[in-house]
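Contents: one structure, followed by commentary.
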Amino acid sequence: MKEKFRYWTFLVYPESAPNNWVEILEVTGVPFSVSPLHEFDVDEVGELKKAHYHVILCFSGPTTYNNVKKITDSLNSPIPLRILSVLGRYEYHTHQNNPEKYQYNVEDIRNYNGFKISNYSSLLDNEDNEIRKSIIHIINRENITTFRILIDYLISNNLNDLLKKVSSNAYFYIQYLQH
C-alpha cells in the first residue's frame with residue numbers, strides 16, 4: 001500500500017505481544033492511546049473473544065502502511081488499519097457509542113507520548129462535518145431516497161471512504177433519508 005495516512009489503529013493481544021510492548025511504542029515517539037483491556041467482548045455467537053487492546057497511533061505527518069506494519073510486526077499484532085476519525089476510534093476504546101457491547105471505563109484509557117484526544121476532536125469534528133456535507137450533497141444531487149440506494153451508489157462509484165463514514169453513522173443517514 002503506497003498511500004500515506006496520519007492516523008492508524010491496530011490490536012495488541014497480551015498473550016502474543018512482548019511484555020514491554022508499551023515501551024516499544026513509547027520509543028517511537030509517536031503519540032498513541034491504548035484502550036482498557038477488552039476482556040469481555042463477545043463474538044456473533046456469544047463466545048468471549050481473545051483479550052486484546054485497541055491502539056491508536058497519531059503520526060505528525062502522513063506515513064505508509066509499511067512503516068506502521070514494521071511497528072505492529074514488532075508487537076506480534078495483526079495488520080494496522082488507517083483511521084478516518086481519531087475521535088470515533090478513541091470512543092470505541094470503551095464502546096461509548098455501542099451500547100450493545102460491554103462498556104469499558106474511560107478512566108482506564110492510557111495515553112502516551114503527548115497523546116491528547118482534545119488535539120484531535122475539534123479538527124475531526126470539522127472534517128466529519130465536511131464529509132457529512134459531501135454525503136448530503138450526493139443524496140440531494142442524485143435524488144437518493146433510501147439508505148440502500150445510498151450504499152449502492154457509494155459502492156458503484158467506488159467512494160470507499162464515504163461508504164465507511166455512512167456505514168459507521170448509519171442511524172444519522174437513515175434518519176436524514178426518512179425526513
Side-chain angles (χ1 to χ4, degrees), residues 1-11 30-36 38 41 43-44 52-69 71-72 77-104 106 109 111 113-179:
M1 181 183 291
K2 293 183 181 183
E3 292 182 289
K4 295 181 177 184
F5 301 99
R6 190 175 287 210
Y7 310 119
W8 295 86
T9 188
F10 58 91
L11 297 176
V30 176
F32 68 99
S33 180
V34 179
S35 74
H38 281 225
D41 290 2
D43 62 19
E44 309 78 43
H52 60 278
Y53 294 97
H54 293 268
V55 177
I56 298 170
L57 288 177
C58 294
F59 292 85
S60 59
T63 192
T64 65
Y65 169 86
N66 289 337
N67 286 337
V68 181
K69 181 88 169 73
I71 295 170
T72 59
S77 292
I79 62 169
L81 302 170
R82 70 183 177 121
I83 298 174
L84 294 176
S85 169
V86 174
L87 178 60
R89 180 51 58 176
Y90 187 84
E91 290 172 344
Y92 192 76
H93 274 357
T94 59
H95 295 152
Q96 176 180 335
N97 297 319
N98 301 87
E100 74 284 358
K101 295 185 176 192
Y102 183 86
Q103 298 296 296
Y104 295 97
V106 70
I109 295 174
N111 300 316
N113 291 346
F115 179 98
K116 292 181 189 156
I117 192 57
S118 60
N119 292 345
Y120 306 98
S121 60
S122 62
L123 166 69
L124 291 165
D125 286 344
N126 290 337
E127 286 178 10
D128 284 346
N129 284 336
E130 291 306 311
I131 292 170
R132 194 172 287 121
K133 286 178 190 176
S134 296
I135 294 166
I136 289 170
H137 178 72
I138 289 170
I139 290 170
N140 292 325
R141 184 186 71 223
E142 300 299 322
N143 205 17
I144 295 172
T145 56
T146 68
F147 188 72
R148 180 180 178 168
I149 293 170
L150 175 59
I151 296 297
D152 290 347
Y153 177 87
L154 296 173
I155 291 170
S156 65
N157 288 283
N158 204 26
L159 299 171
N160 296 327
D161 287 346
L162 297 182
L163 178 62
K164 286 180 184 178
K165 269 299 185 201
V166 167
S167 299
S168 63
N169 294 283
Y171 181 79
F172 172 84
Y173 294 103
I174 289 168
Q175 291 301 307
Y176 182 82
L177 286 162
Q178 289 177 348
H179 294 88

- Query: Does any N or O in the side chain of Thr9 come within less than 3.5 Å of the main-chain N or O of Val55, such that one atom is a donor and the other an acceptor?
  - Reply: yes
- Message: Using modelled atom types and a 3.5 Å cut-off, is there a donor and acceptor pairing between side-chain atoms of Asn113 and backbone atoms of Phe32?
- Response: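 The answer is no, because no donor-acceptor pair under 3.5 Å joins these two groups.
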- Steps toward side-chain contact (heavy atoms from CB on, under 4.5 Å) verdict (Lys4, Thr63): CA-CA 5 Å; Lys4 295 181 177 184; Thr63 192; 5.8 Å; no
Please report the closest heavy-atom contact between [X] and [Y], naming both atoms and the distance.
X      : Y      : result
Ala170 : Phe147 : CB-CZ, 3.7 Å
Ser85  : Gly88  : OG-N, 2.9 Å
Ile83  : Val86  : CG2-N, 3.6 Å
Phe10  : Pro78  : CB-O, 4.2 Å
Leu57  : Val68  : CD1-CG1, 4.2 Å
Gly114 : Pro31  : C-CB, 4.4 Å

Between [atom1] of [X] and [atom2] of [Y], what distance do you get to the nearest 0.5 Å?
X      : Y      : atom1 : atom2 : result
Leu84  : Phe5   : CG    : CZ    : 8.5 Å
Ser167 : Asn169 : OG    : CG    : 9.0 Å
Gln178 : Thr145 : CD    : OG1   : 11.5 Å
Asn66  : Ile71  : CG    : CD1   : 11.5 Å
Leu162 : Ile155 : CG    : CD1   : 12.5 Å

Quick one: ring-ring contact (aromatic ring centres under 6.0 Å, His included) partners of [X], sequence neighbours excluded?
X      : answer
Tyr92  : His54, His95
Phe115 : Tyr90, Tyr120
Tyr102 : Phe40, Tyr104

- Assess Arg132 against Phe172: is NZ or CZ under 6.0 Å from the centre of the six-membered ring, and within 45 degrees of the ring's axis?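 Positive - Arg132 is close enough to the ring of Phe172 and near enough to its axis.
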Is there a side-chain contact between [X] and [Y], using heavy atoms and a 4.5 Å cut-off?
X      : Y      : value
Ile144 : Leu177 : yes
Thr94  : Gln103 : no
Tyr176 : Ile135 : no
Tyr153 : Leu159 : yes
Arg6   : Cys58  : no
His52  : Ser35  : no
Ile117 : Leu87  : yes

- Output, in order, the C-alpha distance, side-chain angles, deciding distance and verdict of side-chain contact (heavy atoms from CB on, under 4.5 Å) for Tyr65 and Trp8. CA-CA 9 Å; Tyr65 169 86; Trp8 295 86; 3.8 Å; yes
- Message: List the residues meeting side chain to side chain donor-acceptor pair (under 3.5 Å) with Ser33, not counting sequence neighbours, and say none if there are none.
- Response: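 With sequence neighbours excluded, Ser33 shows a side chain to side chain donor-acceptor pair (under 3.5 Å) to His93, Asn111, given in chain and number order.
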- Item | Residue pairs fulfilling salt bridge (Lys or Arg N to Asp or Glu O under 4.0 Å) with at least one residue in residues 133-160, sequence neighbours excluded | Glu130-Lys133, Arg148-Asp152
- Between Ile138 and Asn157, is a side-chain contact (heavy atoms from CB on, under 4.5 Å) present by the stated rule, with each step listed? CA-CA 11 Å; Ile138 289 170; Asn157 288 283; over 6 Å; no
- Task: Sequence neighbours left out, what passes salt bridge (Lys or Arg N to Asp or Glu O under 4.0 Å) with Lys101? Give chain and number order.
- Result: none
